Structures are given as structure tokens and as C-alpha cells.
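Sequence lines set the chain letters: A, B, ... in the order given, protein chains first and strands last, and positions in each chain run from 1. For clarity, every value in this text was computed on a predicted model and none was experimentally measured.
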Amino acid sequence: DTAVSQTPKYLVTQMGNDKSIKCEQNLGHDTMYWYKQDSKKFLKIMFSYNNKELIINETVPNRFSPKSPDKAHLNLHINSLELGDSAVYFCASSSLQGRPAFGPGTRLTVT
Amino acid sequence: DAKTTQPPSMDCAEGRAANLPCNHSTISGNEYVYWYRQIHSQGPQYIIHGLKNNETNEMASLIITEDRKSSTLILPHATLRDTAVYYCIVRVHGSSNTGKLIFGQGTTLQVKP
């Protein structure tokens with residue numbers, strides 16, 4: 001069974017569109033994260049949610065709006081997509097003491 | 001900013017041990033050393049972690065110096081499938097920034113036949 005899953009795996013869209021990426025974890029973790037990996041391969045944290053509440057926002061533009069309907073889900077909605085948003089987005093989850101587990105990633109291409 | 005320093009790349013012969021070093025000279029007493037790897041843009045995969053004692057699991061061994069300012073990840077018998085970017089990360093357990101991992105540039109390990 002997949003521990004952390006993301007959909008879609010690939011997303012190609014045009015500038016100015018709005019898109020969402022979904023993440024689900026079945027590990028019973030209470031903390032979930034979004035990371036962005038750009039073309040230079042640096043992995044940077046964007047957001048962290050603990051028990052559905054935002055606890056980390058690493059100065060991400062407000063075009064990015066995470067939503068956590070419950071502890072097992074953390075979705076990422078992006079408004080007015082820009083070329084610079086092209087990247088691979090990884091969802092992850094962890095418990096307070098446990099090691100974060102990562103999803104397979106969503107490759108977003110903005111044309 | 002990442003609190004660790006790693007060499008950008010290393011080579012290793014298939015079947016030999018791969019020793020990946022990491023410096024974390026500013027590590028705090030409550031920070032653990034974690035190792036992850038990323039194979040060709042897949043999601044980062046957990047390898048091992050430790051606080052001050054050496055650790056071993058089915059994937060690797062982690063050797064942490066007594067002053068905890070550096071550590072070495074050992075893959076005892078590297079295979080071609082171990083070719084990946086290896087990240088050394090320090091992380092606090094149970095802090096208000098719960099579980100945040102700060103990735104540096106990592107070490108690209110190339111295992112050669």
C-alpha cells in the first residue's frame with residue numbers, strides 16, 4: 001500500500017491557469033508538508049500543517065494556498081500559474097518524533 | 001539554511017563500501033542526524049538517523065563522531081542502484097517547527113561497474 005500518494009503525477013498547463021495537486025497519507029501522521037524542487041534540484045520546504053493547522057509558511061507567494069480538510073490530506077492549490085512555478089512538488093508526512101515519508105512527486109510544467 | 005556540508009560528488013566501485021561524509025559543526029544537543037537519498041527525481045527515501053550512537057540498519061550504517069560535529073554514512077556493498085543524491089540533514093524532534101527537514105545540496109554518488 002502506498003504510504004504517501006500524490007495526484008496527478010504530471011501536470012502540464014498554461015500560464016495564468018489555476019491548478020491543484022492532491023496529497024494523501026495513510027500512515028496516521030499528524031503533520032504534512034509540501035516541498036518544491038526546482039530545476040537546480042534544490043529541495044525547499046513550502047508549508048507544514050499539523051492537525052490541519054498551518055505551522056510553517058516559508059514565504060511562499062499567496063498564489064499558493066494549501067488546504068487540509070483532515071489530517072490525512074494536504075492539497076496544494078496554485079492560482080495564476082507562472083513559468084517559474086515549473087518544478088517537482090513533493091508532499092511528505094511525519095509524526096512528531098518520526099521520520100518524514102515523501103510522496104512520489106508531481107512534475108508541474110507551465111508553458 | 002542547511003546546517004550541513006557535504007562534498008558535491010563521489011564515485012564508488014560496485015561491490016565496494018561507499019563512505020559519505022557530512023559536517024554539522026553547529027549541531028545542537030537535541031538535533032538528530034538524518035540521511036535521505038533521492039534516486040533520479042523520485043521522492044526522497046529515508047535511510048537512517050541517529051543522535052550520538054552509531055546506528056546500523058538493513059540499508060546502511062551511520063557513524064557519528066564523539067563531538068557530533070561530523071558523521072559518515074556507510075553503504076557496505078554499493079550497487080548500481082545506489083546511484084543517487086544523498087542528503088545529510090539535522091533535525092529536531094518534536095519542536096514547534098515539527099519535523100521540518102532542511103535539505104542542502106547533497107552528495108551525488110555515482111556507483112560504477
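Side-chain heavy atoms closer than 4.5 Å link hydrophobic residues (I, L, V, M, F, W, Y) into clusters, and following such links, even through other members, never connects Tyr36(B) to Val111(B). Under the 4.5 Å side-chain contact rule for hydrophobic residues, Leu11(A) and Ile78(A) share a cluster. Val4(A) and Tyr10(A) are assigned to two separate hydrophobic clusters, defined by single-linkage of ILVMFWY side chains at heavy-atom distances under 4.5 Å. Connection of Met46(A) to Tyr49(A) is established within a shared hydrophobic cluster, with ILVMFWY side chains joined at heavy-atom distances below 4.5 Å, either directly or through further cluster members.
Put simply, the side chain of Tyr34(B) never gets that close to the backbone of Pro100(A): no donor and acceptor are under 3.5 Å apart.
Rounding to the nearest 0.5 angstrom, the gap separating the CD1 atom in Ile89(B) from the CZ atom in Arg99(A) is 13.5 Å. With rounding to the nearest 0.5 angstrom, the OH atom of Tyr35(A) is 4.0 Å from the CG atom of Leu101(B). In this structure, Gln45(B) CD and Phe102(A) CZ are separated by 11.5 Å, a value rounded to the nearest 0.5 Å.
Surrounding CG of Asp67(B) are more than 12 heavy atoms belonging to other residues, nucleotides or ligands, all under 6.0 Å away. Around CZ of Arg63(A), the count of heavy atoms belonging to other residues, nucleotides or ligands within 6.0 Å exceeds 12.
The side-chain heavy atoms of Lys44(A) and Phe103(B), taken from C-beta on, include no pair separated by under 4.5 Å.
Within the 4.5 angstrom heavy-atom criterion, no atom of Lys40(A) approaches chain B. For Leu43(A), the parts lying near chain B are the backbone and the side chain together; criterion is any non-hydrogen pair under 4.5 Å. With a threshold of 4.5 angstrom between heavy atoms, Gln38(B) approaches chain A through side-chain atoms but not through N, CA, C or O.
When all heavy atoms are compared, the tightest approach of Arg91(B) to Ser94(A) is NH2-OG, 3.8 Å. Closest approach of Gln37(A) and Tyr87(B) over heavy atoms only: NE2-OH, 3.9 Å.
Residue Ile74(B) belongs to a hydrophobic cluster whose other members are Ile63(B), with links defined by side-chain heavy atoms closer than 4.5 Å.
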